[in-house]
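As the structure is a computational prediction, the values presented were derived from the model and not from experiment. Counting starts at 1 for both ligands and their atoms, in listed order. For the numbers below, each heavy atom of this structure counts, side chains included, while hydrogens, waters and symmetry mates do not.
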Amino acid sequence: MSISTSVLSDLLKSLPYLRSQLYFKASLTALSHAMEDQVLAGTLAQPLVIASFQRERFYRQEAHRYQRLALRSNQVYVLSAPETDFTNFTNSSEHYERVAFEPNDGLSQEWHLIVIADNYATCLVCRESLGSIAKNRQLPELSPNLDIDAARRFEGIWTSERGVSLKAAELLLDRVLVYRPELASKIEEGCQRFGIKEPRSYSGAEQINEYACDIDTDPFVQRLLTYLQASQYKLHKAYRSIAAQARKERLVNTISTAIRRSLDPHEVLQVAAQELGQHLEACRCLIYRAQATDSQAIMEHEFLTPGVLSVRGQTWELEKNSLFQDIVEQGEGVCVSDTLIDPRVTDSPGLSLIAKKFAIRSWLMEPVFYQGRLLGIVELHYCRIPPHECQPGELDLVKAIATQMGAALIQAEAYANLEELNQQLEALDRTRSNLIAITGHELRTPLSTIQVCLESLASEPDMPLELQQVMLNTALSDSERMRKLVQDFLTLSNLESGRVEWHPESLTLQECVDLSLSRNRTRSSTEKPPKIKTQIAQNLPLVRADGDWLVEVLAKLIDNACKFTPAQGEITIKAVQNSHQMVEVTVADTGRGIEPNRLEVVFDRFYQEEGALRRTTGGTGLGLAICRQIVNGWGGEIWAESTGKDQGSQFHFTIPIVQSSHEEKRTKVKSK
Ligand code: ADP
């Protein structure tokens with residue numbers, strides 16, 4: 001039963017002088033509403049109204065208006081194709097005549113509204129242009145904020161020419177008859193009343209009179225204007241939001257490009273602070289690292305507008321920062337529009353002070369999370385008056401940037417870990433090479449000597465006794481060197497891995513110095529050592545340390561001083577109490593000295609100035625590394641001083657002094 005032809009085509013065929021025009025759906029809605037309002041305003045007596053909707057969903061949006069329209073006339077016909085989702089539209093005569101046409105009827109592509117009264121006629125006969133629907137389906141993805149439906153396009157006629165309106169009414173009423181034949185007499189009545197189907201001749205000349213109408217068209221014009229304004233406003237809003245969206249995308253792009261381009265996290269975070277601050281017109285934008293349990297944070301990256309005080313490098317307390325704690329608890333950013341009245345700031349002396357000192361009037365803090373872990377904070381400060389009201393779009397943007405920052409901070413963390421790991425690997429590699437060199441020189445050389453000596457002793461029984469003695473002494477001293485190396489190596493690994501048990505006791509320094517000197521004398525019995533002086537301050541308090549290890553440190557330093565000082569030189573051992581409740585011991589010599597840039601590395605494992613292979617003085621290169629581990633073990637420090645080559649060296653280290661019971665009590669109270 002469905003009719004595939006188009007009412008618009010039929011009309012244009014009947015009245016060839018008509019020229020169809022293009023209309024957007026928004027315009028058709030405005031026109032239709034204005035035409036309907038003309039009827040609702042009650043200026044037309046019992047008009048004929050025919051409205052044809054493409055689909056039931058469009059009809060439903062207007063259904064209530066047609067109920068009100070039906071109160072003004074009994075000649076109201078509403079046509080629509082029923083839809084399965086909206087199963088209400090059926091042929092019926094309740095309120096007005098409803099005509100359900102087949103979904104594949106030509107009418108389903110068209111939009112018609114005809115209003116004919118005795119002294120007024122207007123009609124809208126349009127067809128949706130081909131491709132308009134398909135195009136509109138793709139567009140929303142490109143610009144989700146634009147009301148794309150409003151941009152659907154139609155072509156057709158809108159006119160107040162009576163003859164055209166009568167012809168259009170005739171064509172539509174014919175369709176109604178097809179679907180609702182029982183309405184024949186009602187339709188006939190309408191046709192007679194308004195002169196529909198009466199033979200007429202149409203030409204341009206006759207049109208003029210037919211426009212004449214003596215009714216008030218104000219409601220129509222008013223309504224049309226309101227619709228125009230509304231759609232203009234919608235358009236303006238849509239463009240604004242598209243522009244904002246584009247700006248946001250540009251910003252996110254700039255930052256993600258910076259993340260991809262640079263491996264240096266500081267650069268990335270600085271770019272982000274700069275771009276975000278500029279984009280949101282903040283006076284100050286900060287990005288810094290902070291974890292949920294941190295008590296402080298250093299303000300690392302900053303964007304500033306001219307004339308605003310910098311906070312870069314400052315350390316801010318986080319424990320008592322209620323804004324930060326809110327973020328940690330709720331996992332969401334905070335926005336303080338006015339720091340002068342927001343109780344989160346006014347009730348916190350710390351925050352009020354910061355706000356005042358750095359002129360922060362509005363304060364926005366957004367957390368940077370990565371997989372649920374807080375990594376940092378993005379802060380925006382507005383110092384101007386009036387206070388800045390945070391807009392939802394701004395918050396979205398800050399959130400989007402914070403998400404990008406999550407990746408950047410993780411990259412920073414990984415980068416730092418990698419750097420540290422690299423350094424550790426380099427150190428390990430150095431140790432390994434040194435170990436190989438040491439094994440080569442320190443272990444293999446004496447081992448070969450021992451082997452040669454023992455082989456000679458075994459293969460030549462006639463060897464003179466004196467030579468035998470030399471062989472034996474050489475083998476013995478070389479095995480002693482090997483023992484020392486193995487022992488030092490084990491000592492250092494024990495100290496480094498914390499496997500050493502400390503036995504702190506109260507000691508007189510003089511006794512420890514004496515012990516280490518006597519140990520030194522027994523060791524270097526073959527060579528004549530330089531002169532050793534001691535200058536231990538009188539009344540020196542007792543020191544608290546593990547006696548064996550203290551003697552070990554002293555012995556090693558004295559041993560080094562002897563090794564690197566010629567026999568005619570001098571070694572001095574001094575001890576004084578310093579201002580930090582410590583005894584400072586110095587082992588100074590007049591020997592070969594140390595270059596200033598080597599003063600720290602001499603404490604590295606296996607460091608030896610001449611390299612392991614060219615060493616003449618013996619030693620393992622582990623002595624000072626062992627000393628540092630021991631001294632640090634009791635909470636002291638050790639360092640070297642020298643003005644350079646052949647200027648002598650001074651090795652200093654500190655030991656805590658024994659506190660009198662009275663002092664001990666006082667310290668305990670203080671630390672509580
Ligand atoms: P070593 O067993 O080689 O003495 P140490 O760790 O004790 O190992 O010392 C490391 C290096 O520091 C020495 O090889 C030497 O180059 C330098 N050094 C240590 N003490 C002195 C000193 N008193 N005068 C000059 N150089 C020193």
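Residue contacts with ligand 1: Phe651 is included, with a non-hydrogen atom under 4.0 Å away. Using a 4.0 angstrom heavy-atom cutoff, Lys556 does not count as in contact with ligand 1.
Under a 4.0 Å N-O distance rule, the pair Glu480/Arg483 qualifies as a salt bridge. With salt bridges taken as basic N to acidic carboxylate O contacts below 4.0 Å, none links Lys531 and Asp589. Salt bridge status for Lys533 with Glu570: present, with a side-chain N to carboxylate O gap under 4.0 Å.
The heavy-atom pair separating Pro596 from Ser642 by the smallest distance is CG-O, 4.5 Å.
Near Ile594, the atoms of ligand 1 lying under 4.0 angstrom from a non-hydrogen atom of the residue are 25 (C), 26 (N), 27 (C). Within ligand 1, the atoms closer than 4.0 Å to a non-hydrogen atom of Gly593 are 25 (C), numbered from 1 in the order shown. Listed by number with element, the atoms of ligand 1 under 4.0 angstrom from any heavy atom of Lys563 are 1 (P), 2 (O), 4 (O). Ligand 1 places these atoms under 4.0 Å from at least one heavy atom of Gly621: 1 (P), 2 (O), 3 (O), 6 (O), 8 (O).
When heavy-atom distances to ligand 1 are checked against a 4.0 Å cut-off, Leu624 comes that close through both its backbone and its side chain.
Residue Asn560 holds the heavy atom nearest to atom 20 (N) of ligand 1 of all those in Asn560, Val601, Leu492, Asp488. Atom 23 (N) of ligand 1 has its nearest heavy-atom neighbour, among Asp589, Asp604, Thr565, Leu622, in Asp589.
At under 3.5 Å, not a single nitrogen or oxygen of Val602, backbone or side chain, sits near a nitrogen or oxygen of ligand 1.
Looking only at side-chain heavy atoms (C-beta outward), Val583 and Thr654 stay at 4.5 Å or farther from each other.
A side-chain donor-acceptor contact under 3.5 Å links Tyr288 and Glu379.
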